[in-house]
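Notes for the one structure printed next.
Computation of the quantities below employed the complete heavy-atom set of this structure, encompassing side-chain atoms and omitting hydrogens, waters and symmetry-equivalent molecules.
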Amino acid sequence: MTDLMPARVRFAPSPTGRMHLGSARTALYDYLLARRTGGTFILRIEDTDRKRYVEGAEEELIEGLRWLGLNYDEGPDIGGPYGPYRQSERREIYYHHAWELVERGAAYPCFCTPDRLAKLREEQMRRKENPHYDGLCRHLDLGEARRRIANGEKYVIRFKMPKEGVTTAVDLLRGEIHTANNVLDDAVLLKSDGLPTYHLGAMVDDHLMKITHVIRTMEWLPSLPLHVNIIRAFGWDEPVWVHPSVFLKPSGKGKMSKRDAADAMKDGYSIYLGDMRALGFIPEGVLNWIALMGWGVPEDDIMTLDEMIQRFDIRNLTPSPAAINFARLDHFNAAHIRRLPTEELAARIKPYFLNAGLQVDDERLLRIVPLIRERLVTLDDCLPFAAWFFKENVEPKPEELVAKNLTPAQSAEIARKAFEVLSGLPVLTVESAEPPMRALVERLGLSPGQVFGILRVAVTGQTVSPPLFESMEIVGKEKVLQRLQRAIEMLERM
RNA sequence: GCCCCCAUCGUCUAGCGGCCCAGGACGUGGCCCUCUCAAGGCCAAAACAGGGGUUCGAGUCCCCUUGGGGGCACCA
């Protein structure tokens, strides 16, 4: 039960693009572990690549976490005892640590130019060798190296990977991983621009920030032995390593690509968190969906964030890759929409009506919600079901007013009879209107669908709607009769 | 090419040597309910990749094969 000790866990994205589902899941697992153990959830921005930096990416990341409700305890915008939390603001720290490794004989300055490295790689490829650094600068005299640096020569600092032996690392989900050191490369730790690579930056920060568990996708697994060696060279303790697998495209063949992302968009889905809200997905649904791609629970898999915290166990994550399945997203989204209290759902769908240019009466909205709740897969589904409630007039298609197997004239006759029944009521409610209307159906020897269908199209303007009598009660007797009268006229003109 | 990881229904998964002729969920098909569309209820089809071991006993442990995924940057 050692992992019930309060964990310090960090979500460490790089601001190089949009926040996608994969990052969101990693952040979620980080969050769950931290909350489950009464620990700390930290956001750290790994912005050491100036070339790939994307303006606004950090904001999208923060906005995404906020939307999902994955609130962090320490981070670049809120500070904390181990800051700064943006790597670009920690250059000196990495510089000193890189040189400490040089001093310890575990790293060395390297003056090879990108040009030489490119040629080297090219030649190795031609000889069908593994691309790797050939170690030209590995045995350079340190004093000489310092002189060249003092002369202003560009350099990087490389890790001096042991040439012999085997590195054993332990992943919580996969057990021991053995790697022969001779297949490992002398990786660059400090770039010529003075900023660290991931290998140095992440290891140094994880140590300094007292990170206990590192959760990252398995694309990092190949560099785990490197990281373990770096940590050992410093003489530090290792965190617990957890490498969940990556998400595969819906076909199960390979990682999601730009093209797959575009395909998803065409179907009304997205792999980008920033799109999800506009598409009508709610955080509860998205969270539940991504949580269970890589984590299995025996049953009762509809869970809120709090319920997930209660049931989370880092050891139950699965090591195998998971294909994205948008049909399941629909399912989880709809399930959580159904769970929302009326007031809450009303508040969440209101913006969709407003954006459609409709005027929303809050009291009426509250009465509509129970009628459409179980019909919504995404929040924006509220429009096709209920937009007509907020319109002054509806525009039924004449042909849709004609009941199945009946003529326009017959349909008009039925509508007139219905008008008589409804207009005779003191008030139009489900209780007052439904029994006499059913009696009418009986008397006419027709099916409920035929008679109610005419009314539905007349009153709502559409063939699919929330339950008819409940809807009419909300619309009100006066307007119902008005619309019915108009429908009768339309039918008579056919 | 080299290195690493993974392997239960179409998909996400439960299973941590006997409780499994393998359970749940999504999706699919059927039925019920029904004023449309949903929701809900019931039922059905659907999997331990293959081959060797270990063991009284293997989906569960080991090895090989096959298949899939990932990585081989002064990117993360």
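Residue P466(A) is in base contact, counting any heavy-atom pair closer than 4.0 Å across all strands shown. At a threshold of 4.0 angstrom between heavy atoms, the contacts of P370(A) with the nucleic acid are absent. Backbone-only contact: T318(A) has heavy atoms under 4.0 Å from sugar-phosphate atoms and none from a base. Residue contacts for T16(A): at a heavy-atom cut-off of 4.0 Å it reaches no nucleic acid atom on any strand shown. Using a 4.0 Å heavy-atom criterion, one finds that D49(A) contacts the sugar-phosphate atoms exclusively. Looking at heavy-atom distances under 4.0 Å, R373(A) makes no contact with the nucleic acid at all. Across all strands shown, F332(A) has no heavy atoms under 4.0 Å from either base or sugar-phosphate atoms. Within 4.0 Å of G201(A), counting heavy atoms only, lies no atom of the nucleic acid at all. Residue contacts shown for V156(A) include a base, since a base heavy atom lies under 4.0 Å away. C112(A) comes within contact range of at least one nucleobase, with a heavy-atom separation under 4.0 Å. Using a 4.0 Å heavy-atom cutoff across all strands shown, S320(A) reaches sugar-phosphate atoms only and no base atom. No engagement by K154(A) is indicated, since no non-hydrogen atom pair under 4.0 Å with the nucleic acid exists. P467(A) comes within 4.0 angstrom of a base, heavy atoms only. When heavy atoms are screened at a 4.0 angstrom cut-off, W289(A) is found touching no nucleic acid atom at all.
Here the separation of C37(B) from G24(B), taken at their C1' atoms, is 28 Å to the nearest Å. Comparing the P positions of A44(B) and U55(B) gives an interatomic distance of 40 Å, to the nearest angstrom. Comparing the C1' positions of C20(B) and U8(B) gives a spacing of 12 Å, expressed to the nearest Å. The separation of C5(B) from C64(B), taken at their P atoms, amounts to 12 Å, rounded to a whole angstrom. When the P atom is used for both G23(B) and A76(B), the distance is 48 Å, rounded to whole Å. G68(B) and C9(B) have their P atoms separated by 15 Å, given to the nearest Å. On the C1' atoms, C35(B) is 29 Å away from G27(B), given to the nearest whole Å. Between C63(B) and A58(B), the two C1' atoms lie 15 Å apart (nearest whole Å).
A salt bridge is defined here as a Lys NZ or Arg NE, NH1 or NH2 lying under 4.0 Å from an Asp or Glu carboxylate O, and R44(A) with D205(A) meets this definition.
Across C6(B), G70(B), C37(B), the shortest atom-to-atom separation from the side chain of K255(A) is found for G70(B). When distances are taken from the side chain of H331(A) to each of U36(B), A25(B), G71(B), the shortest belongs to A25(B). Residue R338(A) has its side chain nearest to A39(B) when only A39(B), C72(B), C74(B) are considered. Proximity note for P298(A) (side chain, C-beta onward) versus C5(B), A14(B), C74(B): the nearest is A14(B). The N325(A) side chain lies nearest to U11(B) when the options are A38(B), A76(B), U11(B). Candidate nucleotides U11(B), C74(B), U13(B) were compared by shortest atom distance to the side chain of A323(A), and U11(B) ranks first. Side chain of T179(A), nearest nucleotide from C12(B), C4(B), A76(B): C4(B). The side chain of K191(A) lies closest to C75(B) when the candidates are C75(B), C5(B), A73(B). When the nucleotides A38(B), G70(B), C35(B) are ranked by their closest atom to the side chain of P448(A), C35(B) comes out on top. Ranking G70(B), A73(B), A25(B) by closeness to the M218(A) side chain, first place goes to G70(B).
Distance CG (D134(A)) to P (C72(B)): 19 Å, rounded to an integer number of Å. Across the protein-nucleic acid pair, M303(A) atom CE and G24(B) atom P stand 18 Å apart, rounded to whole Å.
Checked against the 6.0 Å centroid criterion, the rings of W289(A) and F281(A) do not qualify as a close aromatic pair. Ring centroid separation for the pair F159(A) and Y108(A) does not come in under the 6.0 Å cut-off.
Under the 30°/60° scheme for interplanar angles, the aromatic rings of F452(A) and F469(A) are found to stand perpendicular. The aromatic rings of W220(A) and H199(A) lie perpendicular to each other, with more than 60° between the two planes, well past the 30° mark.
Under 3.5 Å, the side chain of R52(A) and the base of C75(B) form at least one donor-acceptor pair of N or O atoms.
Remark: side-chain polar atoms of R216(A) are not paired, donor with acceptor, to backbone N or O of P244(A) under 3.5 angstrom.
Regarding contacts with the backbone of G68(B), every side-chain N or O of K253(A) stays at 4.0 angstrom or more from both OP1 and OP2. Under 4.0 angstrom from either OP1 or OP2 of G27(B) there lies no side-chain N or O belonging to R328(A). Regarding contacts with the backbone of A76(B), a side-chain N or O of T48(A) is found under 4.0 angstrom from either OP1 or OP2. Within the 4.0 Å cut-off from OP1 or OP2 of G68(B), not a single side-chain nitrogen or oxygen of K249(A) is found.
With a cut-off of 3.5 Å on both pairing distances, the Watson-Crick or G-U wobble partner of C56(B) is G18(B). In a base pair of the Watson-Crick type (N1 to N3 plus N6-O4 or O6-N4) or a G-U wobble (N1-O2 and O6-N3), with each distance short of 3.5 Å, A38(B) is matched with no nucleotide. If you check A25(B) for Watson-Crick or wobble pairing at under 3.5 angstrom, you find it paired to U11(B). Base pairing of G1(B): its partner is C72(B), meeting the Watson-Crick or G-U wobble criterion (both donor-acceptor distances under 3.5 Å).
Along RNA chain B, the nucleotide nearest H199(A) and the nucleotide nearest G175(A) are compared for position; the residue whose nucleotide lies closer to the 5' end is G175(A). Along RNA chain B, the nucleotide nearest to L468(A) and the one nearest to E219(A) differ in position, and the one closer to the 5' end is contacted by L468(A).
Side chains of L136(A) and R116(A) form a contact here, defined as non-hydrogen atoms less than 4.5 Å apart.
T113(A) and D115(A) form no side-chain donor-acceptor contact under 3.5 Å, judged by distance and modelled atom types alone.
The cationic atom of R148(A) (NZ for Lys, CZ for Arg) does not lie both less than 6.0 Å from the six-membered ring centre of Y155(A) and within 45° of the ring axis.
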